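Every chain is numbered from 1, with letters handed out A, B, ... down the list of sequences. Any value given below was found using the heavy atoms of this structure, including those in side chains, with hydrogens, waters and symmetry copies removed. Since we're looking at a predicted model, the values are computed, not measured.
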There are 2 protein chains.
Amino acid sequence: MTHSRFRPPTMADVARVAGVSHQTVSRVLGDHPNVRDETRARVLRAIEEMGYRRNSSARALATRRTRTLGVVASDTTLYGPASTLFALEEAARAEGYLVSTVSLRELTVETLSEALDHLSEGGVEGVVAIAPQRSAVDALAGLRHPFPVVIVGSGPGVDIPSVSVDQHLGARLATGHLLAAGHRKVWHLAGPEDWQEAADRAAGWRATLEAAGVEPPMLLRGDWSPLSGYRAGQELAGWVGRGLTAVFVANDQMALGVLRALREAGVRTPQDVAVVGFDDIPESEFFAPPLTTVRQDFSTVGKQGIALLLELIEGRPPATTPRIAIEPQLVVRASTFPYAAQPEGVPL
Amino acid sequence: MTHSRFRPPTMADVARVAGVSHQTVSRVLGDHPNVRDETRARVLRAIEEMGYRRNSSARALATRRTRTLGVVASDTTLYGPASTLFALEEAARAEGYLVSTVSLRELTVETLSEALDHLSEGGVEGVVAIAPQRSAVDALAGLRHPFPVVIVGSGPGVDIPSVSVDQHLGARLATGHLLAAGHRKVWHLAGPEDWQEAADRAAGWRATLEAAGVEPPMLLRGDWSPLSGYRAGQELAGWVGRGLTAVFVANDQMALGVLRALREAGVRTPQDVAVVGFDDIPESEFFAPPLTTVRQDFSTVGKQGIALLLELIEGRPPATTPRIAIEPQLVVRASTFPYAAQPEGVPL
DNA sequence: CCATGAATTGTTAGCGCTCACAATGACCTC
DNA sequence: GAGGTCATTGTGAGCGCTAACAATTCATGG
């Protein structure tokens, strides 16, 4: 409550009040077994009375452990990064680590370098980078840093330990679902070229079509935003009646824009054109129509990311660069089947 | 790169290599003016060569400053909290502070208490709490902590310094806009009772109606989710033809659900019922129809929040509890006027 | 009753840095 | 050329904690 100029009590102060040595106080705080119950109680009482709290800096200095991890991220207002961030923090806290975040507007060599410096000044023991762009991964690879770094959200690119959802599989699920529903061809609105996820999803889409003996049609690109989806949707609407019956959109937000453009062009979803998204943001279920999409388990990504980082910090360096892939899941809703059921959770 | 067992170089090591005292190295690092250029260069060269980095714990111990702030938040995947979080981190970094975050699933006395303890163990100098629920604010007020705390996102409740958007004003803008458009009555789908923002928006709505001499109709409640909006929308649809022509929904996500329910009930927006939301999430512009809503400037909230906290940390305690209110802004789109213009940014 | 060892507590020495002050030397001024 | 000033550098003492070791107490058995 009061944060006065008065110096907060130290371990020595507590020791004096409790009539023991500072080391005994340290033992009590450290849950050391060899402390008499009566002594422990006396110390705890003094701690309580004085409102004593261990000084983390002194502790970190003596132990050479800050128990702090860093996270570098961008686009943290997007559902994916925000979810990953949340999962990372939760997992880290469960392990007793504090998480310091740096949120960047864009990931360049300069901003990443500054971010790592900033985190380093803050004494982090390791860093998780939510770096979905290849350029960011490359930039990261070229940077020196005195702690281990794990990349999350980008597939295996350069030689940095990573955890990510298997985007290629997700795209195969989405595309395969459309083919299985009888569509002859599936179009694709991809994300930005530089994004690893976008590339992986496009590759999965292409691979599925080719495996089915279908020539992949022209690929469209957006920037993840609903607006770019809207524009692409207007273009796509022009192909209706010329073989376009199904679109796999690389994320849900763009899919929202596509749905709107199609609707405005008088194209019905899913009767005329089926649409599949990617991410399963909470809103997808309430789009018009509810969106079939691919769900990514960010919670697992976060847990695995922290686990991997802690291993690198605490254990000995592994022989090969660890890469962890997590399976995504197809969620079928009304945007791919005509007259589909009500959205999940709505009693009818 | 290599994070070996070998002890990293200390200031003394650098001093030895550069042929100066450790204090001179400290001066160079601290940009102290009285160092000969030649000496400075020699020291910098040694630092570069050895890859030296100042030990933050030792520094923090000696200066009694960790230059770390804490943030406690919940629902960080929602647009509002995520934006606030981002703004806070950016503002703090601009001031040279590191931000440690704790993201909670819910804000109770227990979780908040643990979060503050965790941050305290990490040595934060102050904390910003993104605590939109009154219960959270109350819980916070009852907790002891050895550092100043600022609340962001909740209006003035108890006696804790706060920064927030003027929700009452936002609600007046929304409700007034509907009345000005000729609607006789405006219904309201409110957020959870416990949320300060929900209460303020409901109060602003009620005040505007009463000022216009209109009896406020029954108030509906949701939980911010599209699903709850959908359910409320079904109920609202039943009142169409019995005086319901306009709804002010307390956030955009619920508005999405309302729009869908109305559409499914054969009610047209805005011709039959006009809808206004709150938040201006990026998707709102692409709803069907694009949503009129109230925009909150989270960036300013973040800057002001950090500024206030730093003042409390660095300056002397203010005489009265500081409360900062930020003005929101009405964004008019197609959900309130029939045949409205295309969404912003879309050339047509 | 004293040796033996386990349990408990205390003592000392850093961890790596900054702060306050002391010391050095160059340069002026009268 | 003595005394004073200023810029530059060095010295010593902590900051508050933990780790390693030393010391003390206590129970136990031959």
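- Every residue was checked against the side-chain hydrogen bond (donor to acceptor under 3.5 Å, both in side chains) condition with A:Ser26, not counting sequence neighbours, and none meets it.
- In the 5' to 3' direction, nucleotides of DNA chain D lying under 4.0 Å from heavy atoms of chain B begin and end at D:dT8 to D:dG16.
- Comparing the local axis fitted to the first five base pairs of the helix from C:dC1-D:dG30 to C:dC30-D:dG1 with the one fitted to its last five gives a bend of 50°, rounded to 10°.
- Listed by first then second residue, pairs satisfying side chain to side chain donor-acceptor pair (under 3.5 Å) with a partner in residues 96-106 of chain B read A:Glu90-B:Arg105, A:Ser100-B:Ser100, B:Arg65-B:Tyr97, B:Tyr97-B:Glu314, not counting sequence neighbours.
- For B:Arg54, there are no side-chain hydrogen bond (donor to acceptor under 3.5 Å, both in side chains) partners, not counting sequence neighbours.
- With sequence neighbours excluded, the residues that form a side-chain hydrogen bond (donor to acceptor under 3.5 Å, both in side chains) with A:Glu89 are A:Arg93.
- The side-chain hydrogen bond (donor to acceptor under 3.5 Å, both in side chains) search around B:Asp138 returns none, not counting sequence neighbours.
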Distance-only check: which donor-acceptor pairs under 3.5 Å involve side-chain atoms of residues 66-77 of chain A, not counting sequence neighbours?
{"residue": "A:Thr66", "atom": "OG1", "partner": "A:Thr68", "partner atom": "N", "Å": "3.4"}
{"residue": "A:Thr66", "atom": "OG1", "partner": "A:Gly123", "partner atom": "O", "Å": "2.6"}
{"residue": "A:Arg67", "atom": "NE", "partner": "A:Gly96", "partner atom": "O", "Å": "3.4"}
{"residue": "A:Arg67", "atom": "NH2", "partner": "A:Glu95", "partner atom": "O", "Å": "3.0"}
{"residue": "A:Thr68", "atom": "OG1", "partner": "A:Thr66", "partner atom": "O", "Å": "3.2"}

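- Residues of residues 54-70 of chain A having a heavy atom closer than 4.0 Å to DNA chain C, listed by number: A:Leu61, A:Ala62, A:Arg64.
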Just the table, please: protein N/O against nucleotides 10-13 of chain C N/O, every pair under 3.5 Å.
{"residue": "C:dG10", "atom": "OP2", "partner": "A:Ser21", "partner atom": "N", "Å": "2.7"}
{"residue": "C:dG10", "atom": "OP2", "partner": "A:Ser21", "partner atom": "OG", "Å": "3.2"}
{"residue": "C:dG10", "atom": "OP2", "partner": "A:Thr24", "partner atom": "OG1", "Å": "3.0"}
{"residue": "C:dG10", "atom": "O6", "partner": "A:Arg27", "partner atom": "NH2", "Å": "2.5"}
{"residue": "C:dT12", "atom": "O4", "partner": "A:His22", "partner atom": "NE2", "Å": "3.3"}

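- Listed by chain and number, the residues in a side-chain contact (heavy atoms from CB on, under 4.5 Å) with A:Thr111 are A:Leu104, A:Thr108 (sequence neighbours excluded).
- Of the residues in residues 37-51 of chain A, none lies under 4.0 Å from DNA chain D by heavy-atom distance.
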